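Quick caveat: nothing in here was measured; it's all calculated off a predicted structure. Letters A, B, ... mirror the listed sequences (proteins, then strands); counts begin at 1.
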Protein chains: 4
Amino acid sequence: MKNTDEKAPLPRGGEKYDRILEAAIEVVAEKGFQHARVADIAANAGVADGTVYLYFDNKNHILRAAIDSAFEQFSSRVRAALATTHDPIEQLKTIARMHVETLVARRNLAIILQTQVRQSSKFLEEFSHHSFVDYINLVREVIRAGQGEGLIRPEVSDRVAALCLFGALDEMISSWLFTGKPIDPEQTATQVLDILLKGIRTRPSHA
Amino acid sequence: MKNTDEKAPLPRGGEKYDRILEAAIEVVAEKGFQHARVADIAANAGVADGTVYLYFDNKNHILRAAIDSAFEQFSSRVRAALATTHDPIEQLKTIARMHVETLVARRNLAIILQTQVRQSSKFLEEFSHHSFVDYINLVREVIRAGQGEGLIRPEVSDRVAALCLFGALDEMISSWLFTGKPIDPEQTATQVLDILLKGIRTRPSHA
Amino acid sequence: MKNTDEKAPLPRGGEKYDRILEAAIEVVAEKGFQHARVADIAANAGVADGTVYLYFDNKNHILRAAIDSAFEQFSSRVRAALATTHDPIEQLKTIARMHVETLVARRNLAIILQTQVRQSSKFLEEFSHHSFVDYINLVREVIRAGQGEGLIRPEVSDRVAALCLFGALDEMISSWLFTGKPIDPEQTATQVLDILLKGIRTRPSHA
Amino acid sequence: MKNTDEKAPLPRGGEKYDRILEAAIEVVAEKGFQHARVADIAANAGVADGTVYLYFDNKNHILRAAIDSAFEQFSSRVRAALATTHDPIEQLKTIARMHVETLVARRNLAIILQTQVRQSSKFLEEFSHHSFVDYINLVREVIRAGQGEGLIRPEVSDRVAALCLFGALDEMISSWLFTGKPIDPEQTATQVLDILLKGIRTRPSHA
DNA sequence: CATGAATGAGCGTTCATTCAT
DNA sequence: GATGAATGAACGCTCATTCAT
């Protein structure tokens with residue numbers, strides 16, 4: 001006889017599922033995860049408190065699902081965009097631009113990524129860090145391709161380069177959120193990439 | 001009748017004050033701010049629960065004081081180190097190395113800076129974001145000095161460059177904390193700075 | 001985003017509401033407001049601690065509601081009783097008798113009125129002093145009616161007379177509670193009213 | 001061998017003792033007993049927190065001593081005043097006048113008597129209700145004297161009459177404290193006594 | 001599937017009291 | 001006697017989660 005206590009798997013989609021996810025992003029961005037009450041999220045999604053638990057195991061899992069979903073969406077959009085060119089340098093530009101554009105366009109998501117993601121991986125039961133690693137790997141591949149084509153210095157670690165790019169872009173977003181000053185995604189991405197590609201030092205005259 | 005509601009200013013230092021601060025850093029790094037109970041911090045500091053409130057207004061202020069104090073210590077140590085050379089490039093190397101070294105040496109502090117600082121400035125009553133800005137400004141000054149001496153490209157925004165440096169270093173620390181793999185601060189700093197200074201692109205032959 | 005901070009109005013009645021109110025009167029009469037724990041009240045009402053907060057904003061409001069409700073019930077019962085006669089003297093007798101009878105019958109309520117009401121109006125957020133004033137006004141009207149009919153001395157202030165009546169009755173109740181000796185409501189009311197109506201002085205022979 | 005754990009009796013007087021008592025009356029009148037912190041009282045008296053415990057067993061005892069002392073002072077002043085005449089009616093007038101005058105002159109004390117005394121006898125460990133009974137007995141004696149001289153109706157209970165007088169005066173004070181309107185002690189006492197002595201009813205024409 | 005009333009564990013903070021100096 | 005830093009028990013309130021309807 002099977003253990004009938006096993007819980008049926010929760011529905012991974014559906015209209016209400018999405019509404020709850022959207023509501024969670026909104027409320028968590030507004031108040032932070034700890035101060036976002038499940039009741040708030042439910043109210044914002046237009047469902048009863050208990051309904052939330054028909055779609056998610058618990059509060060932590062809502063945030064986890066929201067972050068995962070955001071990363072996945074972003075990752076797949078980037079992958080799609082990368083298909084339009086084979087020039088690794090152009091691809092890096094595309095990544096940088098989309099990164100900034102996406103987060104500037106979805107401020108709530110940006111707030112959550114800035115404030116909650118690091119929390120998540122340590123204190124919420126391990127959000128699938130997976131999707132973040134995926135994204136970084138995407139960048140690393142592009143860099144290695146660039147190295148293969150002789151466009152990027154071979155002695156540079158693709159891992160370090162990818163982290164530098166991500167970290168720099170992230171810091172620009174962070175600064176935008178803190179200062180509140182509007183930024184131009186195109187220009188911001190260009191500035192960061194310019195530095196990453198060419199460095200800030202003046203070219204040694206004829207070394 | 002004297003107004004007995006005014007609170008005497010709390011002691012800013014002293015043996016117990018320091019013990020509580022240290023305990024807070026340890027416990028918060030371990031469990032996260034929300035799950036760190038005041039009772040945990042008190043026990044860890046070897047004082048009674050109520051004693052904490054002889055030194056801090058409330059739980060939030062403990063974390064705030066810990067972060068502020070960490071930033072201040074770091075900032076002043078960096079300033080001191082910068083005095084040993086006047087070469088801006090060398091100074092940037094010093095900053096990068098000390099940044100990584102300090103956080104690798106104080107893992108708990110690194111965890112808090114990674115996981116709690118962004119939270120703090122948004123959801124706890126504004127930790128003095130001040131000390132962070134101070135640090136960024138320090139880097140900007142060095143960069144501007146480098147531009148003045150013709151060592152750094154003048155068309156680069158010192159603000160963007162400083163944020164890129166900080167973001168990149170931060171991401172390396174973050175990656176270290178997540179993966180758990182030990183890193184060599186010296187080498188890490190060198191790698192990041194190499195990229196920031198020279199870029200990742202191969203030198204266009206003789207364009 | 002909807003403002004999820006606005007609180008839905010709490011239910012003003014219902015079975016649980018009443019049970020909590022009754023429990024509060026019992027516990028507060030027994031231990032005093034300050035020593036009455038919310039947990040005590042909840043246990044006494046047979047509900048969980050948190051349930052109390054589904055019906056009342058906070059501990060203070062429970063007491064407030066209890067006092068208000070008691071005054072209102074009493075006030076309306078007295079009003080009803082007054083309709084049975086139009087003789088102001090008889091009406092005063094009715095008021096006095098019901099006042100003593102009601103509180104003797106509900107000892108817990110008497111205790112609360114004696115010990116908590118004055119507290120409430122000064123230190124808890126103003127219980128609706130309103131219902132007390134209502135009661136005093138009722139007495140004043142009866143007295144004025146008596147003056148209109150030439151039954152009560154016109155030079156007497158209706159306010160002072162009403163306060164004297166209330167104060168005297170209150171003191172009898174207070175004395176009963178303190179000494180613990182049983183009293184006969186009918187007789188007590190009669191004695192007090194006799195004094196209020198005729199005074200204690202012997203009639204000056206033929207002045 | 002005697003039990004050396006016995007506590008030495010606390011000093012019942014002295015400059016600090018009085019200062020603490022005065023401070024307690026002020027603070028308790030202002031904030032209520034429960035919200036009056038021992039630290040407030042100590043600060044107001046200009047002594048250290050711990051010093052309070054050199055003179056009083058605990059917080060409750062401070063209030064108890066304050067109330068007792070007030071009643072005793074009042075009682076003895078009244079007794080002295082009563083010696084100036086032997087006419088019981090005049091004596092009642094004196095009592096009424098002094099009662100109102102004293103409390104109007106010492107508003108803080110009036111507040112405490114209104115709000116804290118009833119509390120005391122039930123919830124603070126029995127303040128010496130004694131001093132209150134003393135006061136009531138004083139009035140009863142005067143009334144009995146009046147009855148002996150044929151000035152006061154013999155069928156009236158001296159206990160009830162005394163309680164009526166006290167209750168009525170008390171209610172006038174209470175009304176003053178609540179409404180905040182200034183009152184004339186002389187006139188107030190006269191009005192109350194007029195009612196107590198002659199009643200509010202018009203004299204039956206020639207019954 | 002959906003509801004939302006009910007639950008109760010959990011914790012930050014206060015403050016009367018003590019005692020080493 | 002006097003001090004005031006330190007103590008730690010006590011409790012109001014919140015909110016994630018459950019479950020009868």
Side-chain angles (χ1 to χ4, degrees), chain A residues 8 10-11 14-16 34-43 45-62, chain B residues 7-8 10-11 14-17 34-43 45-62, chain C residues 7-8 10-11 14-17 34-43 45-62, chain D residues 8 10-11 14-17 34-43 46-62:
Chain A
L10 302 177
E15 186 221 359
K16 288 203 174 144
Q34 288 296 340
H35 297 103
R37 280 160 294 190
V38 172
D40 291 335
I41 296 173
V47 302
D49 295 10
T51 303
V52 170
Y53 290 87
L54 297 176
Y55 294 92
F56 299 91
D57 282 329
N58 55 47
K59 189 183 163 187
N60 285 351
H61 282 51
I62 307 174
Chain B
K7 295 177 182 176
L10 302 177
E15 186 221 359
K16 291 233 170 76
Y17 179 93
Q34 288 296 339
H35 297 103
R37 279 161 295 188
V38 172
D40 291 333
I41 296 173
V47 300
D49 294 11
T51 303
V52 170
Y53 291 88
L54 297 178
Y55 295 92
F56 299 92
D57 282 327
N58 54 49
K59 191 183 162 187
N60 284 352
H61 281 52
I62 307 174
Chain C
K7 294 177 182 176
L10 302 177
E15 186 220 0
K16 291 234 170 74
Y17 180 93
Q34 289 295 340
H35 298 102
R37 279 162 295 187
V38 171
D40 292 333
I41 295 173
V47 300
D49 294 13
T51 304
V52 169
Y53 292 89
L54 297 177
Y55 295 91
F56 299 93
D57 282 326
N58 54 49
K59 191 183 162 187
N60 284 351
H61 281 52
I62 307 174
Chain D
L10 301 177
E15 186 220 0
K16 289 202 173 142
Y17 180 92
Q34 289 296 341
H35 298 102
R37 281 161 293 190
V38 171
D40 292 334
I41 295 173
V47 300
D49 294 10
T51 302
V52 169
Y53 290 87
L54 298 176
Y55 293 92
F56 299 92
D57 281 328
N58 56 47
K59 189 183 163 188
N60 285 350
H61 282 52
I62 308 174

Participant: Respond yes when some side-chain nitrogen or oxygen of C/Lys16 is under 4.0 Å from OP1 or OP2 of E/dA5, and no when none is.
Facilitator: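 Negative; the distance criterion is not met.
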Participant: Has D/Lys59 got a side-chain atom pairing as donor or acceptor with D/Ala36's backbone, closer than 3.5 angstrom?
Facilitator: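 The answer is yes, because a donor-acceptor pair under 3.5 Å joins these two groups.
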Participant: Show the nearest heavy-atom pair for residues C/Leu10 and C/Tyr53, with the distance to one decimal.
Facilitator: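 That closest heavy-atom pairing would be CD2-O, 4.3 Å.
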Participant: Would you kindly give the CZ-to-C1' distance between C/Phe56 and E/dA5, to the nearest whole Å?
Facilitator: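 About 16 Å, once rounded to whole Å.
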Participant: Whole Å only: how far is the NE2 atom of A/His61 from the P atom of F/dA16?
Facilitator: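 So the two atoms are 15 Å apart, to the nearest Å.
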Participant: Quote, to the nearest angstrom, the P distance that separates E/dC1 from F/dT21.
Facilitator: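 Nearest-Å result for E/dC1 against F/dT21 at atom P: 23 Å.
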Participant: Rounded off to whole Å, could you give me the CG-to-P distance for the B/Asn58 and E/dC11 pair?
Facilitator: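 My rounded result for the distance is 17 Å.
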Participant: Between F/dT17 and A/Lys59, is there an OP1 or OP2 to side-chain N/O distance shorter than 4.0 Å?
Facilitator: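 So the side-chain polar atoms of A/Lys59 never come under 4.0 Å of the phosphate oxygens OP1 or OP2 of F/dT17.
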Participant: Starting from the 5' end of DNA chain E, give me the residue, D/Val38 or B/Ala39, whose nearest nucleotide shows up first.
Facilitator: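 By nearest-heavy-atom nucleotide position, the 5'-most residue is B/Ala39.
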Participant: Just do the side-chain contact (heavy atoms from CB on, under 4.5 Å) check on C/Phe56 and C/Ile62 with the steps written out, would you?
Facilitator: CA-CA 6 Å; C/Phe56 299 93; C/Ile62 307 174; 3.7 Å; yes
Participant: Tell me whether the side-chain N/O atoms of C/Tyr53 come closer than 4.0 Å to OP1 or OP2 in E/dA6.
Facilitator: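 Checking E/dA6 against C/Tyr53, no side-chain N or O comes under 4.0 Å of OP1 or OP2.
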Participant: Give the rounded distance in Å between these two atoms: OH of C/Tyr55 and P of E/dG4.
Facilitator: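 From C/Tyr55 OH to E/dG4 P: 14 Å.
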Participant: Both distances below 3.5 Å, Watson-Crick or wobble geometry, any strand: find the nucleotide opposite F/dC15.
Facilitator: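 Partner of F/dC15: E/dG8.
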Participant: I need the CG-P distance between D/Asp57 and E/dT17, as an integer number of Å.
Facilitator: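 So the two atoms are 10 Å apart, to the nearest Å.
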Participant: What pair of heavy atoms forms the shortest contact from D/Lys16 to D/Thr51, and how long is it?
Facilitator: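 Shortest heavy-atom contact: CD-CG2, 4.3 Å.
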Participant: Without decimals, in angstroms, what is the distance between C/Leu10 CG and E/dG4 C1'?
Facilitator: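 About 15 Å, once rounded to whole Å.
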Participant: Nearest whole Å is fine: how far is F/dG4 C1' from B/Leu54 CG?
Facilitator: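 Spelled out: CG on B/Leu54 to C1' on F/dG4 is 10 Å.
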Participant: For B/Ala48 and D/Thr51, find the nucleotide of DNA chain F closest to each by heavy atoms; which residue's nucleotide sits nearer the 5' end?
Facilitator: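 Checking each residue's closest nucleotide, the 5'-ward one belongs to D/Thr51.
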Participant: Could you tell me which nucleotide pairs with E/dT21 by Watson-Crick or G-U wobble geometry, both distances under 3.5 Å, or answer none if nothing does?
Facilitator: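 E/dT21 is paired, partner F/dA2.
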Participant: Considering every strand and a 4.0 Å limit on heavy-atom distances, what is the contact class for B/Val52: base, sugar-phosphate, or nothing?
Facilitator: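 It contacts nothing in the nucleic acid.
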Participant: With a non-hydrogen cut-off below 4.0 angstrom, is D/Ala36 in contact with a base, only sugar-phosphate, or nothing?
Facilitator: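 Contact class for D/Ala36: sugar-phosphate only.
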Participant: May I have the distance from A/Gln34 (atom CD) to E/dG10 (atom C1'), rounded to whole angstrom?
Facilitator: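 Nearest whole value for this atom pair: 13 Å.
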Participant: What is the distance from atom OH of B/Tyr17 to atom OH of B/Tyr55, rounded to the nearest 0.5 Å?
Facilitator: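 Nearest 0.5 Å value for the OH-OH distance: 11.0 Å.
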Participant: Taking for each residue the nucleotide of DNA chain E bearing the nearest heavy atom, is the 5' side occupied by B/Asp49 or by C/Gly46?
Facilitator: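 Its nearest nucleotide lies further toward 5', so the answer is C/Gly46.
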